[in-house]
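Input: a single structure, listed below in structure tokens.
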Amino acid sequence: MADVRVRFSPAPTGFLHVGGARTALFNWLFARGAGGEFFLRIEDTDVARSRQEWIDGIQSTLTWLGLGWDGPLVLQSTRFDRYLAAADQLLASGHAYECFCTEEEVKERSDAAVRAGRPPGYDGRCRALGDDERAALRTAGKPRSVRFRTPDEGSSTFADVVRGEVAVEWSTVRDFVIVRSNHTPVFFLANAVDDADMGITHVIRGEDLIDSTHRVLAIRAALGVEGRPVYAHLPLLVGEDRGKLSKRHGAVALEDFRERGYLAAALLNYLALLGWSPDDDREVMTLDEVVAAFALERVTHSPAFFDYQKLDWINGEHIRRLDLPDLVAAVLPFARARYGARLDVAVFEAAVALAQERASTLVQIADQAEFLFVDHEEFTITDDGWARLVATDGVDAILTAAATHLQGCEWSAEGVDLRPVLAALGLSKTAANKRAMPALYCAIEGRPHGLPLFDSIVLLGRDGTLRRIERARARLATTR
RNA sequence: GCCCCCAUCGUCUAGUGGCCUAGGACGCCGCCCUUUCAAGGCGGUAACGGGGAUUCGAACUCCCCUGGGGGCACCA
């Protein structure tokens, strides 16, 4: 088998979202599994819409995900001469022709056709222009684009790894522009030329591009390129409204997942499961395991919806499987952003260890540990937490008893165990768990949900814990 | 309007004629465990869009319908 060469070729007209990332991932997985190469090609032929910041963003996101590419980045904007030469070749061979219709004219006639009940698209007006007519229009200074002449009859067919045979009648495909009137090449041309020049063996992309394949293949053939790549069109990722993912339809920048505390490995794991599944029941997998199990033949046919709840679950599973030092390193940036200089690394590590078994995102871990790194004077209880605390029967007695115990007890998780204290207050186990404990959580950790209380108290320290209980009691007094 | 594609629990999916009274996972519900919550354990809820045809036998094959999606740009 010839060496596998694939590419991920986004247009730099926006941030990379889950759809693009999934396409990049499948290409990368396929290349990795086949021992082939994975290239990154930026399709920036539409100069007006392409932006350097998006090119940078795509690269940094791919890097964060760990989907590194081989060789230098290919920028189509640096290869315009090559595409234009190919267009000249097509012009010379009669596969393309000069079109003097302006964009507006084409649109007007297309709209009129629709109103008249005919199909939209270019009507082929400049198809049969004679040499003299063409020359006249040229000297008249009419803007000129180049159109590819699609066959009048017959059909186009290609074999798709996931779709099977894909065919379309040429009579339903209008002539299309390959060079704009501003002399810049269009997607179809650049795509066909580059896939050939780069020796791309497999084209793996979204199903929204399936119809364009016939046109690219026609250009490729007209250019005299031997053979064609293997195509694999992936089912689309859809938004909540079941529409193709776009900014309007729930697309979220991949960078947001990073900021919200998702692990790249977990995101990749989940993305791999959207439109593909291994031939066994595994779901939580490392990237290496996914590479080993991946097969284009197992890609599904129907669109998939991105489920954040399942992502949260998978992320939690990955967090739980991380070695503590790695998890600490992953949470550290979030911790530094939140607690700044107050961060105590030793305490932080202990807190992360406590959070590891319960958290589903890195942000959650940082949030749960936050109470350990807040100045006692600035410590506040959330509104929810305060409401809960205030509503607890005998809360003042509970806090007082806890403080009394903590003043003299041995400073260990066993020593600070407040259960005997609550029992001595006459609280049943249920009452202690359901009512008293939440109040203590709120007073000490500032929120009703968080790290295990007794371990937290030990980490907070005797002085700090007592001050927090005292603050809660004082606030309680003024509230009454 | 025309072309193309898709169709199993709420969601992601397994399933390629009998192993399916349809399996797994997330979610949801219940119970257990328990230092609240979470995590964990156990159990439960829930689907083959409809109609024909082929066959001894259809989730799996074919046709029609319905529904959904994609494309028809001087975007990619």
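A note on names: the letters A, B, ... follow the listed sequences, proteins ahead of strands, and every chain is numbered from 1.
Residue Asp194(A) forms a salt bridge (charged side-chain N to carboxylate O under 4.0 Å, His left out) with just one option from Arg79(A), Arg82(A), Arg220(A), and that option is Arg79(A). Screening Tyr308(A), Phe306(A), Tyr262(A) for a ring-ring contact (aromatic ring centres under 6.0 Å, His included) with Tyr270(A), the sole residue that qualifies is Phe306(A).
Nucleotides C31(B) and U45(B), compared at atom C1', are 15 Å apart to the nearest Å. Taking atom P in both A7(B) and G50(B), one finds a spacing of 15 Å when rounded to whole Å. For the P atoms, the distance from G41(B) to C33(B) is 16 Å, rounded to whole Å. As rounded to the nearest Å, U13(B) and G49(B) have P atoms that lie 15 Å from one another. Separation of the C1' atoms belonging to A14(B) and G24(B) is 7 Å when rounded to the nearest angstrom. Using atom C1' as the reference point in both G51(B) and U66(B), the two lie 10 Å apart (nearest Å). Using C1' as the reference atom, U8(B) and A46(B) are 12 Å apart when rounded to the nearest Å. Spacing of C1' atoms, A58(B) relative to C19(B), comes out at 15 Å, to the nearest Å.
In this structure the side chain of Phe26(A) reaches within 4.5 angstrom of the side chain of Arg22(A), judged on heavy atoms.
In this structure, A53(B) and U61(B) make a Watson-Crick or G-U wobble pair, each of the two defining distances being under 3.5 angstrom. When both distances must be under 3.5 Å, the Watson-Crick or G-U wobble mate of G67(B) is C6(B). The nucleotide C28(B) finds its pairing partner in G44(B), both defining distances of the Watson-Crick or G-U wobble pair being shorter than 3.5 Å. With both pairing distances under 3.5 Å, A38(B) is matched to nothing as a Watson-Crick or G-U wobble pair. Across all strands shown, C72(B) forms a Watson-Crick or G-U wobble pair with G1(B), both key distances being under 3.5 Å. With a cut-off of 3.5 Å on both pairing distances, U21(B) has no Watson-Crick or G-U wobble partner at all.
Heavy-atom nearest nucleotides on RNA chain B were determined for Ser277(A) and for Glu283(A), and the one closer to the 5' end corresponds to Ser277(A). Judged by closest nucleotide on RNA chain B, Glu165(A) is the one of Pro185(A) and Glu165(A) placed further toward the 5' end.
In the set C75(B), C74(B), C26(B), C26(B) carries the atom at the smallest distance from any side-chain atom of Lys310(A). The side chain of Leu236(A) lies closest to G70(B), out of U11(B), G70(B), C74(B). Distances were taken from every side-chain heavy atom of His301(A) (C-beta onward) to each of U36(B), A7(B), G27(B); the shortest belongs to A7(B). In the set C72(B), A76(B), C3(B), the nucleotide with an atom closest to the side chain of Pro120(A) is C72(B). Residue Ala304(A) has its side chain nearest to C12(B) when only G24(B), C26(B), C12(B) are considered. Among C74(B), C12(B), A14(B), the nucleotide with an atom closest to any side-chain atom of Val186(A) is C74(B). Considering only side-chain atoms of Asn433(A), the nucleotide from G71(B), G27(B), U36(B) that sits closest is U36(B).
Contact annotation: Arg388(A) does not reach the phosphate of U36(B) (side-chain N/O to OP1 or OP2, under 4.0 Å). Within the 4.0 Å cut-off from OP1 or OP2 of G71(B), at least one side-chain nitrogen or oxygen of Lys244(A) is found. Between Ser302(A) and G69(B), a side-chain N or O to OP1/OP2 separation shorter than 4.0 Å is absent. Contact annotation: Lys434(A) reaches the phosphate of C37(B) (side-chain N/O to OP1 or OP2, under 4.0 Å). The phosphate of A76(B) (OP1 or OP2) has a side-chain N or O of Arg180(A) nearer than 4.0 angstrom.
In this structure, Asn315(A) contributes its side chain and Ala266(A) its backbone to no donor-acceptor pair below 3.5 Å.
Among the atoms of the strands shown, base atoms are found under 4.0 Å from some heavy atom of Cys101(A). In this structure, Asp455(A) reaches the bases: a heavy-atom distance under 4.0 Å links it to at least one base atom across the strands shown. Contacts of Thr45(A) with the nucleic acid, taken as non-hydrogen atoms under 4.0 Å apart, involve only primed sugar atoms and P, OP1 or OP2. Among the protein residues, Thr102(A) comes within range of the nucleic acid bases, having at least one heavy atom under 4.0 Å from a base atom. Using a 4.0 Å heavy-atom distance criterion, Arg49(A) is classed as a base contact. Residue Arg163(A) is in sugar-phosphate contact alone, with no base atom involved, counting any heavy-atom pair closer than 4.0 Å across all strands shown. Nucleic acid contact class of Val168(A) (heavy atoms, under 4.0 Å, all strands): sugar-phosphate only. Nucleic acid contact for Arg320(A): sugar-phosphate only, since backbone atoms but no base atoms lie under 4.0 Å from a heavy atom of the residue. Using a 4.0 Å heavy-atom distance criterion, Gly275(A) is classed as a sugar-phosphate-only contact. Using a 4.0 Å heavy-atom criterion, one finds that Phe176(A) contacts no nucleic acid atom at all. Residue Leu273(A) is classed as a sugar-phosphate contact, given heavy-atom separations below 4.0 Å to backbone atoms only. The residue Leu418(A) sits apart from the nucleic acid: no heavy atom pair falls under 4.0 Å. Counting any heavy atom pair closer than 4.0 Å across all strands shown, Glu240(A) reaches no nucleic acid atom. Within 4.0 Å of Ala167(A), counting heavy atoms only, lie sugar-phosphate atoms of the nucleic acid but no base atom.
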Please list every donor-acceptor pair under 3.5 Å in which a side-chain atom of residues 347-354 of chain A meets a protein atom from a residue at least two apart or in another chain.
none

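Glu297(A) places its CD atom 17 Å from the P atom of U16(B), with the value rounded to the nearest Å. In this structure, CZ of Arg242(A) is placed 10 Å from C1' of G10(B), rounded to the nearest angstrom. The distance between atom CD of Glu445(A) and atom P of A38(B), rounded to the nearest whole Å, is 15 Å. Between the C1' atom of A73(B) and the CD atom of Glu108(A) lies a distance of 15 Å, rounded to the nearest Å. If you measure from atom CZ of Arg298(A) to atom P of G24(B), you get 17 Å, rounded to the nearest angstrom.
Closest approach of Leu90(A) and Ala222(A) over heavy atoms only: CD2-CB, 3.5 Å.
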Test ring pair (Phe, Tyr, Trp, His ring centres under 6.0 Å) on Trp276(A) and Phe294(A); report intermediate values, then the result. CA-CA 8 Å; Trp276(A) 172 82; Phe294(A) 188 76; 5.5 Å; yes
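Put simply, the side chain of Arg358(A) and the base of C37(B) share a donor and an acceptor less than 3.5 Å apart. The base of G69(B) lies outside donor-acceptor range of the side chain of Asp208(A), with no N or O pair under 3.5 Å. Side-chain N/O atoms of Thr13(A) and base N/O atoms of C75(B) include no donor-acceptor pair closer than 3.5 Å.
In this structure, the salt bridge (Lys or Arg N to Asp or Glu O under 4.0 Å) partners of Arg163(A), at least two apart in sequence or on a different chain, are Glu207(A).
The aromatic ring centroids of Phe188(A) and Phe176(A) lie less than 6.0 Å from each other.
Around atom CD of Glu153(A), no more than 12 heavy atoms belonging to other residues, nucleotides or ligands sit under 6.0 Å away.
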